[in-house]
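Below is one structure; the comments refer to it alone.
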Amino acid sequence: MPELPEVETIVRKYSKLLSGQKIAAFESRWPRQVSPDYNAVKTALPGLQINNLSRRAKFIVMHLSNNSWLLVHLRMSGRFEWLKPGESEPAHVRALWTFESGEQLLFCDARKFGRIIYTSDFAAATAGIGIEPLERSFTAARLGDILHSHSRTIKTMLLDQSLIAGLGNIYTDESLHMAGIHPARRSDGISDEEVLRLHGAIKTVLKEAIRHNGTSFDWIYPDGHMQDNLKVYGRKGEPCRSCGGIIERTVTGQRGTHFCPRCQPLK
DNA sequence: TGGTATGTTCCAAA
DNA sequence: TTTTGGAACATACC
């Protein structure tokens with residue numbers, strides 16, 4: 001389901017609900033999602049308090065009172081639900097936190113791809129993750145260095161979480177369209193001027209998506225409105241809102257890839 | 001029934 | 001050695 005804007009929206013929503021909550025119990029119904037070891041995590045969590053929530057890449061980060069962390073990755077179909085005492089459970093509950101308040105955080109995940117990681121070493125757990133695209137350190141020069149450091153298809157490079165953190169299939173396609181760059185272009189062939197445009201496009205697209213609470217097009221993630229503002233993603237065969245060209249869909253790196261052949265020539 | 005899915009990892013092939 | 005392609009994970013929807 002989620003990319004950076006959707007995770008950011010979830011973190012903002014659940015920050016108020018979770019900050020200060022004391023964990024009474026933790027349970028997983030699909031233990032292989034929990035690492036490093038479900039029984040150890042189940043034993044460690046009761047008694048701890050959630051200090052606050054934040055986001056790193058597509059991870060929801062809970063900072064706990066013993067200075068350890070829980071990282072939750074929603075992958076394709078994960079979502080949070082909030083359950084008050086007496087309310088009935090929704091479908092696909094895979095893990096749940098019960099708080100001393102009696103309220104419960106549910107981790108629902110139809111496809112069971114999500115991950116829950118408990119760690120006392122946040123730096124080590126996130127060591128392989130690339131730069132945050134909305135931070136000041138993500139400059140056009142930095143993006144240029146990343147793109148020119150290898151010769152790869154630009155679309156798959158933007159999706160590589162070890163380089164840039166948080167872009168997924170929707171916002172990669174949207175950013176490339178805004179920058180006028182064909183998704184099959186080689187990363188090391190992107191000109192300095194194009195790097196500048198792409199850098200601006202990534203920041204603009206992500207910020208706009210956050211403003212709209214992310215993108216919603218199925219039952220998994222209901223709270224977003226960015227779907228009304230997408231220019232290419234999911235618009236195969238429809239006219240480009242910029243030039244009137246017909247949006248095409250191809251497959252790169254096993255991901256559907258949407259672009260406007262007129263705004264984004266292959267050269 | 002078959003195709004598709006907002007993600008990531010691993011291994012083989014090029 | 002670097003990059004790409006395919007399968008796997010597991011399930012639901014159209």
Side-chain angles (χ1 to χ4, degrees), chain A residues 1-11 28-35 55-60 71-80 90-95 107-117 125-130 133 146-177 183-189 202 205-206 208-210 212-237 249-258:
Chain A
M1 166 182 71
E3 306 180 28
L4 187 154
E6 290 76 28
V7 176
E8 182 66 30
T9 301
I10 292 165
V11 164
S28 169
R29 297 174 187 170
W30 194 252
R32 74 178 66 172
Q33 295 186 296
V34 181
S35 67
R55 179 190 60 74
R56 174 74 172 104
K58 298 173 190 170
F59 285 97
I60 298 163
L71 309 183
V72 179
H73 201 302
L74 302 171
R75 293 280 180 98
M76 289 291 265
S77 63
R79 60 190 167 90
F80 276 178
H92 313 306
V93 175
R94 307 304 182 195
F107 174 66
C108 306
D109 185 14
R111 293 171 71 178
K112 301 178 182 173
F113 289 169
R115 292 292 179 268
I116 298 170
I117 300 162
T126 58
I129 300 176
I146 292 169
L147 296 181
H148 298 153
S149 67
H150 299 279
S151 181
R152 292 173 57 184
T153 309
I154 186 152
K155 157 109 183 184
T156 53
M157 202 160 187
L158 294 178
L159 286 172
D160 187 334
Q161 299 297 300
S162 72
L163 301 174
I164 301 169
L167 283 175
N169 210 31
I170 298 175
Y171 302 117
T172 297
D173 283 0
E174 293 296 313
S175 298
L176 286 170
H177 176 262
R185 295 268 306 279
R186 302 257 102 205
S187 62
D188 58 350
I202 289 169
V205 163
L206 291 177
E208 189 188 1
I210 290 173
H212 291 282
N213 290 336
T215 299
S216 301
F217 37 59
D218 58 26
W219 81 109
I220 296 170
Y221 181 81
D223 299 325
H225 297 284
M226 185 64 182
Q227 63 276 12
D228 304 326
N229 297 281
L230 298 177
K231 306 294 193 293
V232 285
Y233 187 87
R235 299 193 65 243
K236 175 188 174 185
R249 181 184 183 278
T250 57
V251 175
T252 2
Q254 296 181 298
R255 312 302 300 275
T257 298
H258 313 75

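Here is how names work: the chains are called A, B, and so on, in the same order as the sequence lines, proteins then strands, and each is numbered from 1. No hydrogens, no waters, no symmetry mates; every other heavy atom, side chains included, goes into these values.
- With sequence neighbours left out, the side-chain hydrogen bond (donor to acceptor under 3.5 Å, both in side chains) criterion links A:Gln33 to A:Asp109.
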Kindly give the atom pairs (protein nitrogen or oxygen, nucleotide nitrogen or oxygen) under 3.5 Å for nucleotides 3-7 of chain C.
unit_1 : atom_1 : unit_2   : atom_2 : d
C:dT3  : OP1    : A:His150 : ND1    : 3.3
C:dT3  : OP1    : A:Ser151 : N      : 3.2
C:dT3  : OP2    : A:His150 : ND1    : 3.1
C:dT4  : OP1    : A:Thr153 : N      : 3.0
C:dT4  : OP1    : A:Thr153 : OG1    : 3.0
C:dT4  : OP1    : A:Arg186 : NH2    : 2.5
C:dG6  : N7     : A:Gln254 : OE1    : 3.0
C:dA7  : N7     : A:Gln254 : NE2    : 3.0
C:dA7  : N6     : A:Gln254 : OE1    : 2.9

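- Considering only residues two or more places apart in sequence or on other chains, A:His92 meets the side chain to side chain contact (heavy atoms under 4.5 Å, CB included) condition with A:Arg94, A:Ala110.
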Can you give me the N/O atom pairs linking the protein to nucleotides 12-14 of chain B at distances under 3.5 Å, or say none if there are none?
none

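- Annotation: C:dA10 and B:dG3 have their P atoms spaced 22 Å apart (nearest Å).
- Sorted by first then second residue, the salt bridge (Lys or Arg N to Asp or Glu O under 4.0 Å) pairs that include residues 158-167 of chain A, not counting sequence neighbours, are A:Arg152-A:Asp160.
- When the P atom is used for both B:dT4 and C:dG6, the distance is 14 Å, rounded to whole Å.
- Rounded to an integer number of Å, the gap from A:Asn169 CG to B:dT4 C1' is 12 Å.
- Whole-Å rounding puts the A:Tyr233 OH to B:dT4 P distance at 12 Å.
- With sequence neighbours excluded, the residues satisfying salt bridge (charged side-chain N to carboxylate O under 4.0 Å, His left out) with A:Asp223 are A:Lys13.
- Distance CD1 (A:Ile220) to P (B:dT4): 17 Å, rounded to an integer number of Å.
- Here A:Tyr171 lies out of heavy-atom contact (under 4.0 Å) with every strand.
- To the nearest whole angstrom, the two P atoms, one in B:dT9 and one in C:dT1, are 23 Å apart.
- Rounded to a whole angstrom, the distance from the C1' atom of C:dA12 to that of B:dT1 is 15 Å.
- In the region residues 157-166 of chain A, proximity to DNA chain C at under 4.0 angstrom, judged on heavy atoms, holds for none of the residues.
- For A:Thr153, the side-chain hydrogen bond (donor to acceptor under 3.5 Å, both in side chains) partners at least two apart in sequence or on another chain are A:Arg186.
- Helical stems in DNA chain B, defined as runs of 3 or more consecutive Watson-Crick or G-U wobble pairs with both donor-acceptor distances under 3.5 Å, are listed by first residue as B:2-5 with C:11-14, B:7-14 with C:2-9.
- Looking at residues two or more places apart in sequence or on another chain, you find a side chain to side chain contact (heavy atoms under 4.5 Å, CB included) between A:Arg29 and A:Glu27, A:Glu89, A:Val93, A:Leu96.
- Note: CZ (A:Arg56) to P (B:dT8) measures 13 Å, nearest angstrom.
- Take A:Glu208 and apply the side chain to side chain contact (heavy atoms under 4.5 Å, CB included) test, not counting sequence neighbours, and it matches A:Arg211, A:His212, A:Met226, A:Asn229.
- Look at CD on A:Glu3: it is 13 Å from C1' on B:dT8, rounded to the nearest Å.
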Base versus backbone protein contacts along nucleotides 9-14 of chain C [heavy-atom cut-off under 4.0 Å; B, S, -]: BBBSS-

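- Side-chain contact check for A:Ile116 versus A:Phe107: some heavy-atom pair is nearer than 4.5 Å.
- Residues A:Lys58 and A:Leu4 come closest through the heavy atom pair CG-N, 4.3 Å.
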